[in-house]
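Let me begin by presenting the structure, written as structure tokens, before commenting on it.
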Amino acid sequence: MNTDTSKSVVAKNIGVLGAGQLGRMLALAGYPLGNRFTFLDTTGNPSAGIGDVIVDPNNQYLAEFLAKVDVVTYEFEHLPVQLVREIEQHKPVYPSSRAIEVCQNRVEEKTLFDRLGIPTPAYRVVECAEQLEAAARELGCPVVAKSVTEGYDGKGQAVLKQPEQAGEAWSAIGHSQLVVEAFVDFVREVSMIAVRGRDGEVVFYPMAENQHVDGILRYSVAPLPDLDASVQQTADEYIRALLDELDYVGVLALELFQTRDGSLLANEMAPRVHNSGHWTMDGAVTSQFENHLRAIQGLPLGDTQAIAPTCMINVIGREGDNAAILALANTHLHRYDKTERAGRKLAHVNILAANHAELLEKVRACSALLPDAPPPDLSFSIKQ
């Protein structure tokens, strides 16, 4: 007879809205916790390649999905809010539909930043080409125009170098409402990843520096060797305010610009695990993926401390010499099992080093093995 009286841990069945690489990495982090995963794909093009995938572009199999899961999260915020609200009537959903509603609408997002006192670049909301031209003149070119909804990874955006380009930009973006933002004289783009548990506990990852090319993230580095503690503290306060205001559960990402005087301006946020947090898979004590799963299940949150200086490199469009990449010391390759296509995220590489000078050297060696990879242009490299 088994005399063990300790309580057994019941594995949670996790439902994920979306079935891309972020969902894949959630599942890989959740299997050691005893989780099972069911993905609901509403696009008709799933790529998770793992777990139980329900392809449902016409919303016919929601009852089947709900019957298989205990709690629901998502890896993609561009979902019908009404669908998320319907799911909330039957199962716990983390983060909530309110978070999706705010994050998929740039006007609501900016309004929330303003209300919480989180500074942003100067902006205007416009509803026609004439208003876009007027906003460009008022803010001073160059400006960036962004669709209010649906834009990500550089999509739904246009840069105006002259106000006279307003008509062309309006037609190219093709949306009925745009946010127009003044350009910021920043020294670097940074991001914060934080996690809030169901009990309100919040933990923060070290701030990362990000390099984008054509609107797509190419490099993320954390922790930063030259970051003043007060800047990290300010970022922590901004993201905590957002987490508490939304009664948020799970991982939240906040992208910011750091200006020459050290101040931070919020760009946008994402209510999910984030590309700029992939470095945590190998470079932090607990990855963003595991911590997201801990949060939505009401488990204690894990340590977010960095293990070593780490750089994440996105593999875009074409894969490189994977054997040569893996020959680099302390280098980890994470492939998404996707076919090659221009502009498509196929994998990422995490590189760890003893110090930032060594890290930069290894990043340059790795990027040389990736087709079309731009050379790293990270601000900390100037100080080596």
Can you see whether Ser220 engages His278 through a side-chain donor-acceptor pair at a distance of less than 3.5 angstrom? no

Are any of the side-chain nitrogens in Arg196 or Asp244 under 4.0 Å away from the carboxylate oxygens of its partner? yes

May I ask you to check whether over 12 heavy atoms, not counting those of Glu340, lie within 6.0 Å of atom CD? yes

Of the non-hydrogen atoms in Ser191 and Asn210, which two are nearest, and what is the gap between them? OG-ND2, 3.0 Å

Specify the closest pair of heavy atoms between Asn267 and Phe257, including all atoms of both residues, with the distance to one decimal. CB-CE1, 3.7 Å

Note: Arg98-Glu108 ion pair, threshold 4.0 Å (strictly below): yes

For the pair Asp70 (side chain) and Asn13 (backbone), establish whether a donor and an acceptor sit closer than 3.5 Å, ignoring hydrogens and angles. yes

Can a salt bridge be assigned to the pair Arg272 and Glu75 using a cut-off of 4.0 Å between side-chain N and carboxylate O? no

Hey, are Glu181 and Arg106 close enough for a salt bridge, meaning a charged N less than 4.0 Å from a carboxylate O? no

Tell me the side-chain hydrogen bond (donor to acceptor under 3.5 Å, both in side chains) pairs involving residues 51-62, sequence neighbours left out? Asp52-Lys68

Are Arg85 and Glu88 close enough for a salt bridge, meaning some N to O gap below 4.0 Å? no

Go through the steps to decide whether Glu77 and Gln104 satisfy the test side chain to side chain donor-acceptor pair (under 3.5 Å), and finish with yes or no. CA-CA 6 Å; Glu77 66 268 33; Gln104 70 179 210; over 6 Å; no

Could you verify whether a donor N or O on one side chain and an acceptor N or O on the other, from Lys345 and Gln21, lie under 3.5 Å apart? no

Does CD belonging to Glu64 count more than 12 external heavy atoms closer than 6.0 Å? yes

Any donor and acceptor pair, going by atom type alone, linking the side chain of Thr259 with main-chain N or O of Ser263 inside 3.5 Å? yes

Evaluate the ring planes of Tyr336 and His348, with Trp represented by its six-membered ring, and classify them as parallel (under 30°), tilted (30 to 60°) or perpendicular (over 60°). tilted

Donor-acceptor check, side chain of Lys362 to backbone of Leu352, threshold 3.5 angstrom: yes or no? yes

Give me the atom names and distance for the closest heavy-atom approach of Phe65 to Phe39. CE1-C, 4.3 Å

Taking every heavy atom of Tyr238 against every heavy atom of Ile118, the minimum-distance pair comes out as O-CD1, 3.6 Å

What heavy-atom pair brings Val53 and Ile50 nearest, and what distance separates the two atoms? CG2-O, 3.7 Å

Heavy-atom nearest pair, Glu133 first then Pro163, reads CG-O, 3.5 Å

Go through the steps to decide whether Asn314 and Tyr219 satisfy the test side chain to side chain donor-acceptor pair (under 3.5 Å), and finish with yes or no. CA-CA 6 Å; Asn314 268 336; Tyr219 300 93; over 6 Å; no

Hey, is the main chain of Ile316 close enough, under 3.5 Å, to the side chain of Arg344 for a donor-acceptor pair? no

Applying side-chain contact (heavy atoms from CB on, under 4.5 Å), name anything that partners Gln162, two or more places apart in sequence or on another chain. Glu164, Gln165

Just checking Tyr94 against Tyr248, ring centres under 6.0 Å apart? no

If you measure from the Lys or Arg side-chain nitrogens to the Asp or Glu carboxylate oxygens, is any gap between Asp226 and Arg188 under 4.0 Å? yes

Angle between ring planes, His332 versus His334, binned at 30° and 60°: parallel, tilted or perpendicular? tilted

